[in-house]
Amino acid sequence: MCGILAAHGLEKPASDRAHFIALSKRLRHRGPDWSGCYVGQQSVLVHERLAIVGVESGAQPLVSEDGKVILAVNGEIYNHIALRESVGPDVKFKTHSDCEVIIPLYRKHDTDLCNMLDGMFSFVLLDESVSPPRIIAARDPIGITTLYQGWSSKRPGATFFASELKSLVDDCDKIVSFPPGHFYDSKTDSTTRYFKPSWWNGDLDGPEATIPSTPADLKLIRETLEAAVRKRLMSEVPYGVLLSGGLDSSLIASIAARETEKVAQAQIEARKKRAQEFRSGPASPNPNGGLVDEEATLASWPQLHSFSIGLENSPDLLAARKAAAFLGTVHHEYVFTVQEGLDALPEVIYHLETYDVTTVRASTPMYLLSRKIKAMGVKMVLSGEGSDEILGGYLYFHAAPDARSFHQECVKRVKNLHTADCLRANKSTMAWGLEARVPFLDKSFLEVAMNVDPKEKEFSKGSAQEFDEDGCPRMEKYILRKAFDCSPDGKPYLPRSILWRQKEQFSDGVGYSWIDGMKQHAEDTVSDEAFAKAAERWPEDTPQTKEAYLIREIFDGHFPTKAAADTAVRWIPRGDWGCAADPSGRSVSIHNAAYDGEADE
């Protein structure tokens, strides 16, 4: 991933060049490898690059052969080789970048190109072959990458785009989080949804709601997720996996470990081939003309490293050790203290650009871990976000009144991932120039998993716990656990103690003292008098706890404008399902009941 900043509809863009370069510098943590700027007739595009694919030749903004189409992209296009082949042999590519293919796709398919991309991306494309110049901006289907759009009353007619809020707050008095799965077209000055999967209307209340009835195909679920992990190993730089020891991260690590074993074997074969060529002469030239294909990129870094973080003896650290030992990864474990987390809060909130309590709690250890990972020279990691939303894995889902409500909540949570878990995974890692890839949010996996009959996703706990014919509990994410409860080639994907481990929210799993420490710090910092006036200070989205008050106060210190505050979205549990206001998993009564072996509902 990278950082992008664009302004369109400017009267004198050349005179604004230095100004926008300075604003883009606020994004340089996202792209420390190189910077680029293009000034057009009415536009300025600036790019801060994190080089992962096409390392030597992929500097941006990318410019077409005729100099008329200019492109700035944040993200990765996993199917770029197939797309390059689809545009025909007459197209000449200037780089090995996975993103350059967007230019010929635009010329051939216009805005329909968005649905052709398989990846995570936000891009701004400028077409100066038409008059007036046209700009297209788009964001990936779920919002794995971040993108904001802004407007300024001081520059009527101008539109601004940036990967992060901090590059827009000084110039724009209206800012929105650009909606995932949409594109903006300056030709019509409109934003249109291009992502229209079969499950999209599942959260509607009326007869228009699409509630699936397809039985779970465990083999298809397993194979689709494996394919999603495989394509995300496309990299020319060192990569690893985030491993909490929970189900989601452990499954991703397990699949990645199997794939890297295949890669290691492929490297051995490649070395044998090179030795043979040395003796008998080189093979025929590469038919791709030197282009690095997906298989070649998988063969670059065959030894899988895993990373975990937690307080001393936290649940996640203990479980991650067990998972890493079983999978044979090179494991790196980092212990942090509550004080270190509290010290980092102002920086974390600055990078997150939100005052949502859940996001800040979970992002702080991820932010600390990302710094350690980047210091080792690793630039890309796989992560397990999305599974809980897709499969109803949060413990409060047990309170869903029926299967229809369960599915509606899943669809709502997936649609809102860009406001919470995706935002956290993107910004807390990119704060240090580390890219996080999320296989669970693969379009193909979503299509399979979101179309499973929600009755097969429902679960119970305590005395109401049900078991299948193999004695496995029908717990949260049962169908995912069951899909990987097998032993291809004689080796299980995971130990049963991890495969059937209860859900821990990341901020809980790193150590329960972390949340308790944040609450105590807020109690010590925010006076009763100040808290009593919270509604006067913030009449909209008033903080309900001292912890929320403290976080909001820090946020306002970084981003004091209403335009900035309006972009933040809070993660709110389902009070109408009887859920506690505190979003911690421990606040769900069945959490302790599952460990104590008794129901407490």
Side-chain angles (χ1 to χ4, degrees), residues 142-143 146 165 176-177 179-180 202-205 345 348-349 352-364 366 385-402 404-428 476 503-509 514-515 518-519 522 526 531 534-535 537-556 559 562 564-591 601:
I142 303 300
T146 53
L165 182 68
V176 298
S177 174
D203 59 339
L204 300 179
D205 291 325
L345 276 179
V348 171
I349 294 169
L352 290 180
E353 303 174 323
T354 185
Y355 52 79
D356 175 57
V357 172
T358 308
T359 304
V360 173
R361 284 177 176 177
S363 295
T364 303
M366 197 170 191
E385 279 73 20
S387 173
D388 290 310
E389 288 77 8
I390 296 167
L391 299 165
Y394 293 116
L395 296 185
Y396 79 87
F397 270 88
H398 89 288
D402 51 52
R404 181 187 183 90
S405 300
F406 190 106
H407 182 69
Q408 288 174 324
E409 182 71 1
C410 283
V411 176
K412 289 176 184 176
R413 288 302 184 193
V414 170
K415 286 184 177 182
N416 287 319
L417 269 167
H418 69 285
T419 69
D421 281 28
C422 285
L423 182 149
R424 168 178 57 80
N426 183 285
K427 290 184 177 179
S428 58
E476 69 276 3
K503 165 70 182 173
E504 295 272 11
Q505 303 204 166
F506 184 56
S507 52
D508 288 336
W514 166 233
I515 292 178
M518 280 191 66
K519 290 179 178 179
V526 179
F531 183 63
R537 185 171 180 182
W538 298 291
E540 297 179 11
D541 222 1
T542 306
Q544 299 300 307
T545 66
K546 286 190 175 182
E547 182 186 14
Y549 184 107
L550 175 64
I551 290 171
R552 181 64 187 270
E553 189 170 52
I554 296 172
F555 175 89
D556 281 7
F559 310 107
K562 184 178 185 301
D566 286 345
T567 65
V569 178
R570 289 195 299 141
W571 198 104
I572 302 174
R574 291 293 299 261
D576 57 333
W577 287 3
C579 300
D582 191 314
S584 167
R586 284 185 298 159
S587 297
V588 181
S589 60
I590 62 169
H591 181 279
E601 298 180 290

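Both backbone and side-chain heavy atoms feed into the values below; hydrogens, waters and symmetry mates do not. Since we're looking at a predicted model, the values are computed, not measured.
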> Taking only residues two or more places apart in sequence, or in another chain, which ones meet Ala399 in a side chain to side chain contact (heavy atoms under 4.5 Å, CB included)?
Replying inline: Trp577

> Who passes salt bridge (Lys or Arg N to Asp or Glu O under 4.0 Å) against Glu547, sequence neighbours left out?
Replying inline: Arg361

>> Once rounded to the nearest 0.5 Å, what's the spacing between atom OG1 of Thr358 and atom CG of Asp421?
In response: 9.0 Å

> In chain order, what residues pass the salt bridge (Lys or Arg N to Asp or Glu O under 4.0 Å) check against Lys415, with sequence neighbours excluded?
Replying inline: Asp203

> Quick one: does Tyr394's side chain get under 4.5 Å of Glu476's, heavy atoms only?
Replying inline: no

> Are the side chain of Gln408 and the backbone of Leu204 linked by a donor-acceptor contact shorter than 3.5 Å?
Replying inline: yes

> To the nearest 0.5 Å, how far apart are CG in Leu423 and CD in Glu353?
Replying inline: 7.5 Å

> side-chain hydrogen bond (donor to acceptor under 3.5 Å, both in side chains) with Thr354: which residues, sequence neighbours excluded?
Replying inline: none

>> Using the side-chain hydrogen bond (donor to acceptor under 3.5 Å, both in side chains) criterion, which residues pair with Thr567? Sequence neighbours excluded.
In response: none

> So, Asn426 side chain and Cys422 main chain: donor-acceptor pair closer than 3.5 Å or not?
Replying inline: no

> Considering residues at least two apart in sequence or located in another chain, which fulfil the salt bridge (Lys or Arg N to Asp or Glu O under 4.0 Å) criterion with Arg404?
Replying inline: none

> Rounded to the nearest 0.5 Å, what separation is found between the CZ atom of Arg537 and the CZ atom of Phe531?
Replying inline: 12.5 Å

>> My understanding is that only residues two or more places apart in sequence, or in another chain, count here; which of them pass ring pair (Phe, Tyr, Trp, His ring centres under 6.0 Å) with Phe555?
In response: Tyr355, Phe559

> Side chains of Leu345 and Met518: does their closest heavy-atom pair fall under 4.5 Å?
Replying inline: yes

> Can you name the side chain to side chain contact (heavy atoms under 4.5 Å, CB included) partners of Ile572, sequence neighbours left out?
Replying inline: Arg570

> At their closest point, which heavy atom of Val348 faces which heavy atom of Ser363, and how far apart are they?
Replying inline: CG1-CB, 4.1 Å

> Is it true that atom NZ of Lys562 has more than 12 heavy atoms of other residues, nucleotides or ligands lying nearer than 6.0 Å?
Replying inline: no

>> Can you list everything that forms a side-chain hydrogen bond (donor to acceptor under 3.5 Å, both in side chains) with Ser177? Sequence neighbours excluded, please.
In response: Arg139

> Can you name the side-chain hydrogen bond (donor to acceptor under 3.5 Å, both in side chains) partners of Thr359, sequence neighbours left out?
Replying inline: Asp356

> What residues form a salt bridge (Lys or Arg N to Asp or Glu O under 4.0 Å) with Glu409, not counting sequence neighbours?
Replying inline: Arg413, Arg574

